[in-house]
Amino acid sequence: MKISQQEIEHIALLARLKLTPEEINLYTEQLNSILECFDMLNRIDTTNVEPTAHAVELYNVLREDEVQPSLPREKALQNAPQAEDGFFKVPRIV
Amino acid sequence: MKTVGKSLAELHKLLVNKEISSVELTREYLDHIREYEPKIKAFITITEDEALKQAEEVDKAIAQGEEIGPLAGIPMALKDNLCTEGIVTTCASQMLRDFNPPYDATVVSRLKAAGAVLVGKLNMDEFAMGSSTENSGYFPTANPWDLSRVPGGSSGGSAASVAAGEVPYSLGSDTGGSIRQPAAFCGVVGLKPTYGAVSRYGLVAFASSLDQIGPLTRTVEDNALVLNAIAGHDPLDSTSVPFNKPDYTQFLENNVRGLKIGVPKEFFGLGLKQEVAAVIEQAIKTFEQLGAKIEECSLPHMEYALPAYYIIAPAECSSNLARYDGVSYGYRAEADGMIEMCKTTRAKAFGQEVKRRIMLGTYALSSGYYDAYYLKAQKVRTLVKQDFERVLAQYDILLSPTTPTVAYKLGEISDPVTCYMGDVYTIPVNLAGLPAISLPAGFTDGLPVGMQLIGNYFAEGLLYRAAYVFEQNTGYYKEIPGLLREAD
């Protein structure tokens, strides 16, 4: 076993997912079997290989620093679960 | 229905010659959709009113003697992860059940500008995560060739709707095979363009270094016509590449004499079913008879592509889907406090596969495991890309099966690892960012088999030419599902 149930619970917190005990069991089992498949990657030596983040690399995608139209506030808020006075409204944080 | 199975060029001619109006054409397709949807279930939303309004505008233009473009007045549908202003865009997730995008995706505004008539939004695996459309947060879609089988995924609705004649073409998105695999399962043509050839502005993000939008059509010519309309640089997408976009239809020449085709031997192991191999071997013979030069080649790191992908894609997904926090848009669950609200929202509105990938990706990126998984996978990605670069210096294109099997039964595959294995021939292409097309190669037991052609960066034209030659000399595109034949 590569990941324990406790680790799964920790990962779920990091991922902001409230999992049921059944889901914790299921994901512990499934993630372990998926991670086992990843072990084959250790068969290749990648010491001197550069990582690839994007297949087609573009650098310094810039434009002139000019003001252009952007999404109007009412449109940005139109899908908000809760909005007030032009702001997103969220539950109490502190 | 008179117009089912007609090509875009034929439909265009009917409109220009005023043999049919766009409104009549759109109504015919809407009737056909109504007739077949109870069986196929490819659509999440049908946009009848908007479609008829758009069709009327094209009819007005025709009446005024304006010259119309090749897609004007012709119906089409979009995978439901492409943002459409004013039309709900769900990503087949309960999370976005009521999401009404404030803007159009670039591909949508380009199709609108071309006069295309949007008739609806298509079913998919939730957030494009899956290979069968069974992970939709709403309902599964059926394969028109056999209603007890899956249409593939994640663009299952996009492929099934075209195969069932509900639309002449659709758009899908492809992160690890999500256009090509359903195209193969449903016997249609699906292209994943070069990474950066089509703008992704307004495509709901899954794995940003891999996602590409592309067309699904009945024929190669149709596919080239749609790519003409959607490809090209877009300043709104910083990964969009400035390149000289050709007219893709100019490549549709019935000649592959001297074309050098490499057949990577690694694509003929890894769970390939005998009946699929037999069809592909026959297709290779056809290409040889037509004058192409075929040789076996090798991409030694292919077996590592699948595990590398299932680290990279979930890692990017866990990061991209962090935005669904119940604050700015999408579903919100009631709970005490911010973190509890966020956790409950995500637990209730995401389906099993999405949660599984978020968990996997969060783990792979978490401190202590980053080097072992994510960085290692990115290095393996380099090796996969270098393999392709090496063989594509020797061959014009590469040929392989699109999938190891034909369409499987609904509910047949429940284990995630088995499901992931089905993407084994399509995933390497996304890691390398190359263009690839799937087209019907033949049939086995009445089910379509897909052939994948892979090309060099921005060589979509050459893929179209090879695919066109095969299509014109075999005629598999003329086959239609039994379901539609019975109706005639």
Side-chain angles (χ1 to χ4, degrees), chain A residues 2-3 7-8 10-20 23 26-28 30-31 33-58 61-63 68 71-72 74-83 88-94, chain B residues 98-100 102-103 194-196 209 235 238-239 241 301 303-304 306-308 310-311 318 322 325-332 335-344 346-347 350 355-356 358-360 362-363 366 373 375-383 385 416-417 431-434 457:
Chain A
K2 288 177 171 291
I3 324 182
E7 274 185 286
I8 288 287
H10 175 64
I11 297 293
L13 174 67
L14 293 177
R16 298 286 185 263
L17 286 169
K18 193 185 178 90
L19 299 183
T20 63
E23 282 177 319
L26 182 72
Y27 291 145
T28 306
Q30 288 181 338
L31 260 60
S33 78
I34 295 167
L35 291 173
E36 236 166 72
C37 303
F38 294 168
D39 279 346
M40 68 184 290
L41 293 179
N42 297 324
R43 296 210 303 255
I44 16 175
D45 179 12
T46 51
T47 328
N48 295 314
V49 181
E50 288 291 314
T52 296
H54 272 77
V56 181
E57 295 283 359
L58 291 171
V61 180
L62 302 172
R63 65 165 173 83
Q68 290 181 11
L71 204 60
E74 59 275 17
K75 277 198 164 189
L77 287 167
Q78 77 186 21
N79 286 288
Q82 251 190 309
F88 294 106
K89 195 174 174 189
V90 296
R92 227 179 113 84
I93 294 174
V94 283
Chain B
D98 303 310
F99 175 59
N100 179 359
Y103 60 87
T194 306
Y195 184 79
S209 80
S238 63
T239 63
V241 177
H301 295 98
E303 62 173 317
Y304 304 108
L306 192 76
Y310 277 101
I311 293 169
S318 72
D325 54 5
V327 174
S328 48
Y329 57 99
Y331 174 79
R332 175 191 287 188
D336 266 348
M338 184 65 193
I339 291 181
E340 201 55 26
M341 180 279 280
C342 185
K343 282 168 64 182
T344 315
R346 291 162 65 80
F350 284 144
K355 287 187 205 174
R356 183 157 46 239
I358 291 174
M359 290 290 292
L360 188 57
T362 306
Y363 177 72
S366 65
Y373 291 112
L375 191 65
K376 180 82 185 182
Q378 284 194 319
K379 289 181 171 187
V380 172
R381 184 175 187 177
T382 305
L383 297 173
K385 192 175 174 232
V417 174
L431 289 177
L434 294 164
Y457 297 101

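A note on names: the letters A, B, ... follow the listed sequences, proteins ahead of strands, and every chain is numbered from 1.
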Would you mind checking which part of [X] comes under 4.5 Å of any heavy atom in chain A, side chain (CB onward), backbone (N, CA, C, O), both or neither?
X       : value
K355(B) : both
L431(B) : backbone
D98(B)  : backbone
M359(B) : both

Checking heavy atoms, do the side chain of [X], its backbone, both or neither come under 4.5 Å from chain B?
X      : answer
Y27(A) : side chain
I44(A) : both
L31(A) : side chain
L71(A) : side chain

Test side-chain contact (heavy atoms from CB on, under 4.5 Å) applied to Y304(B) and T46(A), step by step: CA-CA 12 Å; Y304(B) 304 108; T46(A) 51; over 6 Å; no

Audit row: I311(B), L41(A), side-chain contact (heavy atoms from CB on, under 4.5 Å) steps and yes/no: CA-CA 11 Å; I311(B) 293 169; L41(A) 293 179; 3.7 Å; yes

Report the option among [options] that has the most heavy-atom pairs separated by less than 4.5 Å from atoms of chain A.
options                            : result
D336(B), N100(B), T344(B), T362(B) : N100(B)
Y373(B), Y363(B), Y457(B)          : Y363(B)
S318(B), G196(B), S209(B)          : S209(B)
L306(B), I339(B), I358(B)          : I339(B)
S366(B), S328(B), G433(B)          : S328(B)
V327(B), V380(B), V417(B), T194(B) : V327(B)

Under 3.5 Å, side chain of [X] to main-chain N/O of [Y], donor-acceptor pair present?
X       : Y       : value
K75(A)  : P102(B) : yes
R346(B) : L17(A)  : no
N79(A)  : F99(B)  : no

Residue selection (most heavy-atom pairs with chain B, distance under 4.5 Å) from L13(A), L77(A), V61(A), L35(A): L35(A)

Option in C37(A), S33(A), P51(A), A15(A) with maximal non-hydrogen atom pairs under 4.5 Å from chain B: P51(A)

Looking at every heavy atom in both [X] and [Y], which two are closest together, and how far apart are they?
X       : Y       : answer
R356(B) : I34(A)  : CD-CD1, 4.4 Å
G330(B) : P81(A)  : O-CG, 3.5 Å
A55(A)  : A432(B) : CB-O, 3.1 Å
V90(A)  : M338(B) : CB-SD, 3.7 Å

Test item: R332(B) and Q82(A) side chains (from C-beta on) under 4.5 Å apart, heavy atoms: yes

Minimum side-chain heavy-atom gap P235(B)-R63(A) below 4.5 Å: no

Candidate pair E303(B) and R43(A), rule salt bridge (charged side-chain N to carboxylate O under 4.0 Å, His left out), full reasoning: CA-CA 11 Å; E303(B) 62 173 317; R43(A) 296 210 303 255; 3.2 Å; yes

Value rounded to 0.5 Å, distance of CZ in R92(A) from CE in M341(B): 14.5 Å

Carboxylate-amine/guanidinium proximity below 4.0 Å for E50(A) and K379(B): no

